[in-house]
Trainee: 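The structure that follows is given in the form of structure tokens.
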Amino acid sequence: MADILTKRADDYAQWYNDLVLKADLAEHSDVRGCMVIKPHGYGVWEKMRDALDRMFKDTGHVNAYFPLFIPKSYLAKEASHVEGFAKECAVVTHYRLKSDPEHGVVVDPAAKLEEELIIRPTSETIIWNTYRGWVKSYRDLPLLVNQWANVVRWEMRTRLFLRTAEFLWQEGHTAHATEQEAVEETERMLDVYARFAEEWLAIPVIRGVKTASERFAGAVETYCIEAMMQDGKALQAGTSHFLGQNFAKAFDVLFTNKENKQEHVWATSWGVSTRLIGALIMTHSDDQGLVLPPKLAPVQVAVVPIAKNTEQMESIRTYIAPTLAALRARGITVKFDDDDTKKPGWKFAEYEFKGYPVRIAIGPRDMENGTVEVARRDTLEKQVMAVTDIDAKIEHLLSAIQENLFQKALALRERYTRAVDTYDEFKVAIEEGGFILAHWDGTPETEERVKNETKATIRCIPLEGDRSPGRCMVTGAPSDRRVIFARAY
RNA sequence: CGGGGCGUAGCGUAGCCCGGUAUCGCGCCUGCUUUGGGAGCAGGAGGUCGUCAGUUCGAAUCUGGCCGCCCCGACCA
């Protein structure tokens, strides 16, 4: 195997950067901070999108699409929202260019917009401005809308998938007649994300609530799922916000209730982004390259014929055709790679590096023996199997890989999760990485101090697990329960 | 926005200190032999040395400006 990838142990960040580029997931574009998502990477996103979209539909949501441009004045209507996003907004000021002998084209100063337009960093404002017209009566509620879109946040420092100036995501925006309904929706969508992360991405996550300082700008409460990467750092994998009546009040979204009284509606919003691809990479991949869980692999099984000549290629094609058909009949995606410009060894390395979960090789030997060689990406094990009923075995193998990846990730998280009781212990533990469970007095001051002194933040106040009270590791003040500290992406 | 580094063929690089028109590997093209873990041999194509100016008979090399990107920090999903 060619030594083309930095080892995780040598430099985890470099390993990640190398992997994204060399596994052909994405590349840097000429536009600073923006990436080109290549077909292999976009294929993974399509799988995520399809699975999530089904889950959204199953929970009663519908898709719609709102504009990329947001009038500047909208952003200012909700005070904490504007404060949260103002620093990273791209602004459109003109609507026309004109040709210029010296510079090719220049902005036409005569074409200045009367009101500047913001490229959406998120769509709450334009959506709530629209909802005002949609919601008049309790009969119009709940409003359960999602959109798949791109957004722009002008980040100072970017990394492929993890933080780019433009990214793809989905944002759900719902309106409800009661507070309780909205809170239930927030929790329901958090649960959808958690199930998606665990069952599809094979990433174990902790459901929790953000502290005030980590809360979404404009939210009353932010729920999140937190995952642990192989280097022990935390990554927020999805958020679901209970927005209270903040946006309804800012945009005058009122409805008439059954008692014929006017009320502001209650809101939620929730989203996950292409950042999940980064999470996927950093959870499962190894020094040999990308590892994809079968449920998200654009192609689950790569079939590599080993042929000396055209006749042999044709007989392999005939030999394997029933198997390919049987696999496809089971809904398994298969690629039969009969490209004769590349050698089998090259293909093995390539499919391994790009994370195809299962590889089948067939050569003359197999045709004589009625076998195929089956290799699994997660463990790199190879096994010669009878070709008879191989489709059932592959289907089983794919589930086994999916499960194995989840269990490995869970074991890692458990190994790097521990409780500490004193700040001194904490300072040692945080250097070793992972999740630290510790008591916190609930004040932003203590949280800030820990952050400044150790670079660790409170990832969340977990919704599950140990709820026993104690004393804050820093101040000794009473604490309801342990929270999760970690260094984060 | 601070600190560090880098711009030479599609990619990775040597050359720069000590000026004389660019090295090597991968990839690409052609042919033959190969094909069960990134094939071998032979031949070939491919370059405004980031950019602008200066010094010089002559600049990838020296000087100055500009541009871009990457990495580390602060900020964030």
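A, B, ... follow the sequence lines: proteins, then strands. Residue 1 opens every chain. Side chains are part of it too, since the values below use all heavy atoms of this structure and drop only hydrogens, waters and symmetry mates.
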Trainee: What is the distance, to the nearest angstrom, from the CG atom on Leu160(A) to the P atom on C71(B)?
Mentor: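 The distance from CG of Leu160(A) to P of C71(B) comes to 8 Å, rounded to the nearest Å.
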Trainee: Which of these nucleotides, A74(B), G36(B), C75(B), is closest to any side-chain atom of Lys455(A)?
Mentor: A74(B)
Trainee: Go ahead and name the base partner of C18(B); Watson-Crick or wobble counts if both distances stay under 3.5 Å, otherwise write none.
Mentor: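 When the pairing criteria are applied, nothing turns out to pair with C18(B), so the answer is none.
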Trainee: With P as the reference atom in both, quote the distance from G46(B) to G10(B) in angstrom, rounded to an integer.
Mentor: 12 Å
Trainee: For the side chain of Arg153(A), counting heavy atoms from C-beta on, which of G38(B), U35(B), A77(B) is nearest?
Mentor: A77(B)
Trainee: Give the nucleotide from the list A74(B), U35(B), G38(B) with an atom nearest to the side chain of Trp346(A).
Mentor: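 Of A74(B), U35(B), G38(B), G38(B) is nearest to the side chain of Trp346(A).
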Trainee: With Lys354(A) as the cation and Tyr351(A) as the aromatic partner, state whether NZ or CZ is under 6.0 Å from the six-membered ring centre and within 45° of the axis.
Mentor: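 Judged by the rule (NZ or CZ under 6.0 Å from the ring centre, within 45° of its axis), Lys354(A) is not positioned above Tyr351(A).
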Trainee: What is the distance, to the nearest angstrom, from the CD atom on Gln14(A) to the P atom on G12(B)?
Mentor: 12 Å
Trainee: With rounding to whole Å, what would you report as the distance between A59(B) and A53(B) at their P atoms?
Mentor: 13 Å
Trainee: Would you mind classifying the nucleic acid contact of Arg159(A) as base, sugar-phosphate or nothing, using non-hydrogen atoms under 4.0 angstrom?
Mentor: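 The answer is nothing, as Arg159(A) stays clear of every strand by at least 4.0 Å.
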Trainee: Tell me the interatomic distance from Asn150(A), atom CG, to A77(B), atom P, rounded to whole angstroms.
Mentor: 18 Å
Trainee: When the C1' atoms of A14(B) and C26(B) are compared, how many Å lie between them, rounded to an integer?
Mentor: 15 Å
Trainee: Asp366(A) has an atom CG; how far is it from atom C1' of G36(B), in whole Å?
Mentor: 8 Å
Trainee: Between G38(B), C75(B), U35(B), which one does the side chain of Lys343(A) approach most closely?
Mentor: U35(B)
Trainee: Decide if the gap between the ring center of Trp128(A) and the ring center of His81(A) is smaller than 6.0 angstrom.
Mentor: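 They do not qualify: ring centres at least 6.0 Å apart.
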Trainee: Partner lookup for C24(B), please. Criteria are Watson-Crick or G-U wobble with both distances under 3.5 angstrom; report none if nothing qualifies.
Mentor: G12(B)
Trainee: OP1 or OP2 of C70(B) versus the side-chain N and O atoms of His28(A): is any pair under 4.0 Å?
Mentor: yes
Trainee: Regarding Thr457(A), tell me which of base, sugar-phosphate or nothing describes its non-hydrogen contacts under 4.0 Å with the strands shown.
Mentor: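 No contact.
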Trainee: Using a strict threshold of under 4.0 Å (side-chain N to carboxylate O), is an ion pair present between Glu368(A) and Arg365(A)?
Mentor: no
Trainee: Does a side-chain N-to-carboxylate-O contact under 4.0 Å join Glu226(A) and Lys210(A)?
Mentor: yes
Trainee: Where the side chain of Arg376(A) meets the backbone of Val358(A), is there a donor-acceptor pair that is under 3.5 Å apart?
Mentor: no
Trainee: Using the P atom in both, what is the distance from U8(B) to U51(B), to the nearest Å?
Mentor: 10 Å
Trainee: Taking the minimum atom-to-atom distance to the side chain of Pro364(A), which one of A77(B), G36(B), G38(B) wins?
Mentor: G36(B)
Trainee: Check for me whether Arg317(A) meets the cation-pi criterion with Phe336(A), that is, NZ or CZ under 6.0 Å from the six-membered ring centre and within 45 degrees of the ring axis.
Mentor: no
Trainee: Out of A77(B), C76(B), G38(B), which nucleotide sits closest to the side chain of Glu88(A)?
Mentor: C76(B)
Trainee: If pairing requires Watson-Crick or G-U wobble contacts with both distances under 3.5 Å, which nucleotide is the partner of A53(B)?
Mentor: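 In the structure as shown, A53(B) has U63(B) as its Watson-Crick or wobble partner.
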Trainee: Taking the minimum atom-to-atom distance to the side chain of Gln236(A), which one of A77(B), G38(B), G36(B) wins?
Mentor: A77(B)
Trainee: Taking the six-membered ring for Trp, are the ring centroids of Phe485(A) and Phe426(A) within less than 6.0 Å of each other?
Mentor: yes
Trainee: According to a strict under-4.0 Å criterion, is Asn17(A) in side-chain N/O contact with OP1 or OP2 of C71(B)?
Mentor: yes
Trainee: Just compare C70(B), G36(B), G37(B) and give me whichever is closest to any side-chain atom of Glu352(A).
Mentor: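 Between C70(B), G36(B), G37(B), the one nearest the side chain of Glu352(A) would be G37(B).
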Trainee: With a non-hydrogen cut-off below 4.0 angstrom, is Ala13(A) in contact with a base, only sugar-phosphate, or nothing?
Mentor: sugar-phosphate
Trainee: Between U35(B), C75(B), A77(B), which nucleotide has the shortest distance from any of its atoms to the side chain of Lys451(A)?
Mentor: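 Shortest atom-to-atom distance from the side chain points to C75(B).
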Trainee: Could you check how far NE2 of His81(A) sits from P of C76(B), rounded to whole Å?
Mentor: 15 Å
Trainee: Would you mind reading off the distance between Leu235(A) atom CG and C76(B) atom P, rounded to a whole angstrom?
Mentor: 16 Å
Trainee: Could you give the distance separating C66(B) and C57(B) at their C1' atoms, to the nearest angstrom?
Mentor: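 Straight-line distance between the two C1' atoms is 29 Å.
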Trainee: Rounding to the closest angstrom, what is the interatomic distance between U56(B) and G44(B) at atom P?
Mentor: 42 Å
Trainee: If you pin Phe348(A) and Thr239(A) to their nearest nucleotides in RNA chain B, which one's is more 5'?
Mentor: Phe348(A)
Trainee: Say we look at A22(B) and A60(B): how far apart would their P atoms be, to the nearest angstrom?
Mentor: 10 Å
Trainee: Could you state the CZ-P distance from Arg215(A) to A77(B), rounded to the nearest angstrom?
Mentor: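 Rounded to whole Å, this separation is 13 Å.
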Trainee: Taking pairing as Watson-Crick or G-U wobble with both contacts under 3.5 Å, can you name the mate of G37(B), or confirm there isn't one?
Mentor: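 Base partner found: none.
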Trainee: Grab the CD-P distance between Glu155(A) and C70(B) for me, whole Å please.
Mentor: 14 Å
Trainee: Check whether Tyr42(A) forms a cation-pi arrangement with Lys38(A) (NZ or CZ under 6.0 Å from the six-membered ring centre, at most 45° off the ring normal).
Mentor: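 So Lys38(A) doesn't make the cation-pi contact.
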Trainee: Should the side chain of Arg163(A) and the base of C76(B) be counted as holding a donor-acceptor pair, with the cut-off at 3.5 Å?
Mentor: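 Indeed there is one.
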Trainee: Checking contacts here: which listed nucleotide (A77(B), G38(B), G36(B)) is nearest the side-chain heavy atoms of Arg365(A)?
Mentor: G36(B)
Trainee: Pick the C1' atom in G15(B) and in U21(B), then give their distance to the nearest Å.
Mentor: 13 Å
Trainee: Could you check which nucleotide pairs with C1(B) in any of the strands shown, counting Watson-Crick or G-U wobble with both distances under 3.5 Å?
Mentor: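 The base-pairing partner of C1(B), which may sit in any strand shown, is G73(B).
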Trainee: Any strand is fair game: report the nucleotide pairing with G43(B) by Watson-Crick or G-U wobble, both distances under 3.5 Å, or none.
Mentor: C29(B)
Trainee: Look at the side chain of Lys382(A) and the base of G37(B), then say whether one donor and one acceptor between them are separated by less than 3.5 Å.
Mentor: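 Side chain to base: pair present.
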Trainee: Reading RNA chain B from 5' onward, which residue's closest nucleotide shows up sooner: Glu373(A) or Phe216(A)?
Mentor: Glu373(A)
Trainee: Output, in order, the C-alpha distance, side-chain angles, deciding distance and verdict of ring-ring contact (aromatic ring centres under 6.0 Å, His included) for His61(A) and Trp270(A).
Mentor: CA-CA 12 Å; His61(A) 301 85; Trp270(A) 27 273; 4.9 Å; yes
